Amino acid sequence: QANIRGGGEYGPQWHQAALKEKRNKSYEDFEAVAADLIRRGVTSAPRLGCQGGSNGGLLTGNMLTRPSAGSTLFGAIVCQVPLLDMRRFHKLLAGASWMGEYGDPDTGDWSAFLQNYSRVVLEEG
């Protein structure tokens, strides 16, 4: 298990280190763990997989689409019940309660950082 910033494993500061505009820290950490496993010979990219659901689905969705991850680091990626549309997540049943974690897409948060890790970016207009 990769204990990446944003999780609750090491207390509030660890969790807060990857909130809102710092969310990419979680993805960078996860990539670094994968790259380290490969570098140390523990595994190889074709044999390394990751799985995540909900917020973990957002993580694995980012791994799938980031040029520095994807097929470079992972042979398989399972993205379950993912939260991928960061433009409209707050309109889901419990979505409004997640704005403290991700930000508010109806404000400047969208252009400032949310669009950077939304795996579904819809053209508007």
Side-chain angles (χ1 to χ4, degrees):
Q1 175 175 316
N3 292 320
I4 59 176
R5 285 175 284 185
E9 298 85 1
Y10 300 113
Q13 283 186 313
W14 185 255
H15 175 72
Q16 293 164 0
L19 294 182
K20 297 182 179 179
E21 71 278 0
K22 298 177 276 184
R23 175 63 59 186
N24 278 331
K25 297 295 182 192
S26 292
Y27 312 137
E28 293 165 6
D29 288 356
F30 200 74
E31 281 185 31
V33 169
D36 185 58
L37 290 170
I38 294 165
R39 182 186 55 77
R40 290 188 294 131
V42 174
T43 190
S44 63
R47 293 180 176 267
L48 183 60
C50 63
Q51 174 184 357
S54 191
N55 184 33
L58 178 59
L59 171 70
T60 56
N62 271 273
M63 291 304 104
L64 185 62
T65 58
R66 287 167 68 99
S68 54
S71 61
T72 304
L73 294 176
F74 299 98
I77 296 175
V78 179
C79 187
Q80 298 172 300
V81 291
L83 178 62
L84 298 176
D85 185 354
M86 302 310 291
R87 183 72 166 139
R88 298 183 301 180
F89 77 91
H90 62 308
K91 296 179 181 180
L92 298 171
L93 295 174
S97 68
W98 303 332
M99 287 194 295
E101 184 91 6
Y102 299 115
D104 183 348
D106 289 336
T107 68
D109 290 354
W110 173 252
S111 59
F113 55 87
L114 276 167
Q115 68 178 352
N116 296 332
Y117 58 83
S118 179
R119 296 300 66 165
V120 176
V121 178
L122 304 173
E123 286 192 38
E124 297 180 29

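Values in this document were obtained by computation on a predicted structure and should not be read as measured data.
- Hydrophobic cluster of Tyr10: the remaining members, joined at side-chain heavy-atom separations below 4.5 Å, are Trp14, listed by chain and number.
- Remark: Asp29 engages Arg5 in a salt bridge (Lys or Arg N to Asp or Glu O under 4.0 Å) (not counting sequence neighbours).
- Residue Gly103 comes nearest to Phe89 through the heavy atom pair O-CZ, 3.3 Å, listed as atom of the first residue, atom of the second, then distance.
- Taking every heavy atom of both residues into account, Phe74 and Gly49 meet most closely at CD2-C, 4.1 Å.
- Contacts classified as salt bridge (Lys or Arg N to Asp or Glu O under 4.0 Å) and involving residues 50-70 (residues at least two apart or in different chains) are given here: Glu31-Arg66.
- The salt bridge (Lys or Arg N to Asp or Glu O under 4.0 Å) contacts involving residues 7-16 comprise nothing, where partners must be two or more places apart or lie in separate chains.
- Of the possible polar contacts, none joining the Thr65 side chain to the Gly70 backbone as a donor-acceptor pair under 3.5 Å is found.
- Among all heavy-atom pairs drawn from Ala34 and Leu73, the shortest one is CB-CD1, 4.1 Å.
- A single hydrophobic cluster is not seen to contain both Val81 and Tyr117; linkage of ILVMFWY side chains at heavy-atom distances under 4.5 Å, directly or through other members, places them apart.
- With sequence neighbours left out, the salt bridge (Lys or Arg N to Asp or Glu O under 4.0 Å) criterion links Glu21 to no other residue.
- For Asp36, the salt bridge (Lys or Arg N to Asp or Glu O under 4.0 Å) partners at least two apart in sequence or on another chain are Arg39, Arg40.
- Applying the side-chain hydrogen bond (donor to acceptor under 3.5 Å, both in side chains) criterion to Tyr102, with sequence neighbours excluded, gives Asn55.
- Here CG of Asn62 is found 11.0 Å from CZ of Phe30. Values are rounded to the nearest 0.5 Å.
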If you look only at distance, which donor and acceptor atoms sit under 3.5 Å apart when one is on a side chain in residues 90-100 and the other is two or more places apart or in another chain?
{"unit_1": "His90", "atom_1": "NE2", "unit_2": "Asp106", "atom_2": "OD2", "d": "2.9"}
{"unit_1": "Ser97", "atom_1": "OG", "unit_2": "Ala94", "atom_2": "O", "d": "2.6"}

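- With sequence neighbours excluded, no residue forms a side-chain hydrogen bond (donor to acceptor under 3.5 Å, both in side chains) with Thr43.
- Atoms OG and CE, on Ser68 and Met63 in that order, are 7.0 Å from each other to the nearest 0.5 Å.
- With Arg87 contributing its side chain and Trp110 its backbone, the two residues share no donor-acceptor pair below 3.5 Å.
- Applying the salt bridge (Lys or Arg N to Asp or Glu O under 4.0 Å) criterion to Lys20, with sequence neighbours excluded, gives no partner residue.
- A heavy-atom distance below 4.5 Å is not found between the side chains of Arg23 and Phe113.
- Hydrophobic clustering (ILVMFWY, side-chain heavy atoms < 4.5 Å, transitive): Leu59 and Leu48 are in one cluster.
- The minimum heavy-atom distance linking Ser26 with Ala18 is given by the pair OG-CB, 3.3 Å.
- The side-chain hydrogen bond (donor to acceptor under 3.5 Å, both in side chains) test applied to Gln13 returns no partner, not counting sequence neighbours.
- Placement of Ile77 and Leu37 within a single hydrophobic cluster is found when ILVMFWY residues are connected by side-chain heavy-atom separations under 4.5 Å, directly or transitively.
- Of all non-hydrogen atoms in Gly61 and Leu84, the two that sit nearest each other are CA-CD2, 4.1 Å.
- In this structure, Asn116 has no side-chain hydrogen bond (donor to acceptor under 3.5 Å, both in side chains) partners at least two apart in sequence or on a different chain.
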